[in-house]
Protein chains: 2
Amino acid sequence: MKNRLKVLRAERDWTQADLANALQVSRQTINAIEKGKFDPSLPLAFKAARLFNLKIEEIFEDETEN
Amino acid sequence: MKNRLKVLRAERDWTQADLANALQVSRQTINAIEKGKFDPSLPLAFKAARLFNLKIEEIFEDETEN
DNA sequence: ACATTATGTAAAGATAGTTTTATATTTTTG
DNA sequence: CAAAAATATAAAACTATCTTTACATAATGT
């Protein structure tokens, strides 16, 4: 699962810790998601979408076929 | 997390088993998601959105505050 | 160059999503 | 009404997400 979190952070000059804070998850969770270690839960994806005023599809890109 | 899976199935006259099959998960997973027992993973939400040609937000509705 | 801040990584443990198998209940159909 | 199909539910096991703690490396600012 690709995502634009790093870019969205950069546009706002936010650190991973800032974003983690805004989404109320740990910094490591943000780092792991940005690095593609695992996918965010659906509720977390919704929270991120709300935070950035974007659709989930505008932040996360699914790479699985079908 | 509310969702419109039951309605979307009904519109197509699909059973839970049919949908499970289309999404390649078990029938119990569909049932549990429809009944709100747990949230689908983000990849599964993407799969459902692709299947129905809808945005994730048009199928699932997050209820958490913030 | 040094100090500070940000990012990457890892292990252990908790919680949530998913499968499999099995059974019970409800709905649909003949 | 009886049979069949669909839905609900449950337990055990497995995998994935997420937290906490801790440390290492990279980037930034003075």
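Chain A is the first sequence line, chain B the second, and so forth, proteins listed ahead of strands; every chain is numbered from 1.
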Which of the following nucleotides, [options], is nearest to the side chain of [X]?
X	options	value
B/Arg27	C/dG17, C/dA22, D/dC23	C/dA22
B/Lys35	C/dT18, D/dC18, D/dA8	D/dA8
B/Asn31	C/dT18, D/dA8, C/dG8	D/dA8

Quick one, B/Arg4 and B/Glu61 - any side-chain contact, counting heavy atoms below 4.5 Å?
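A side-chain contact under 4.5 Å is absent here.
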May I ask you to test the A/Leu5-A/Trp14 pair for a side-chain heavy-atom distance under 4.5 Å?
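SC-SC contact between A/Leu5 and A/Trp14 ruled out.
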Is a side-chain N or O of B/Gln16 found less than 3.5 angstrom from the main chain of B/Ile30, in a donor-acceptor match?
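Absent.
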Between B/Arg9 and A/Ser26, who's closer to the 5' end of DNA chain D by nearest nucleotide?
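Looking at the nearest nucleotide for each, B/Arg9 comes out on the 5' side.
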Tell me the interatomic distance from [X], atom [atom1], to [N], atom [atom2], rounded to whole angstroms.
X	N	atom1	atom2	answer
B/Lys47	C/dG17	NZ	P	18 Å
A/Gln16	D/dA26	CD	P	15 Å
A/Phe38	C/dT15	CZ	C1'	13 Å
B/Glu34	C/dT26	CD	C1'	15 Å
A/Asn3	D/dT17	CG	P	13 Å

Taking 4.0 Å as the cut-off, does a side-chain nitrogen or oxygen of [X] come that near to OP1 or OP2 on [N]?
X	N	answer
A/Ser41	C/dA16	no
B/Gln24	C/dT18	no
B/Lys37	C/dG17	no

Can you say whether a donor on the side chain of B/Gln28 sits under 3.5 Å from an acceptor on the base of C/dT21, or the other way round?
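Under the 3.5 Å cut-off, the side chain and the base do form a donor-acceptor pair.
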Between A/Ala32 and A/Pro43, which has a closest nucleotide on DNA chain C that is more 5'?
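Closer to the 5' end of DNA chain C: A/Ala32.
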A/Arg50 with B/Asp62: basic N within carboxylate O range, under 4.0 Å:
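B/Asp62 and A/Arg50: salt-bridged.
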When all nucleic acid strands are considered with a 4.0 Å heavy-atom cut-off, which category describes B/Thr29: base, sugar-phosphate, or nothing?
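Base, at least one base heavy atom under 4.0 Å.
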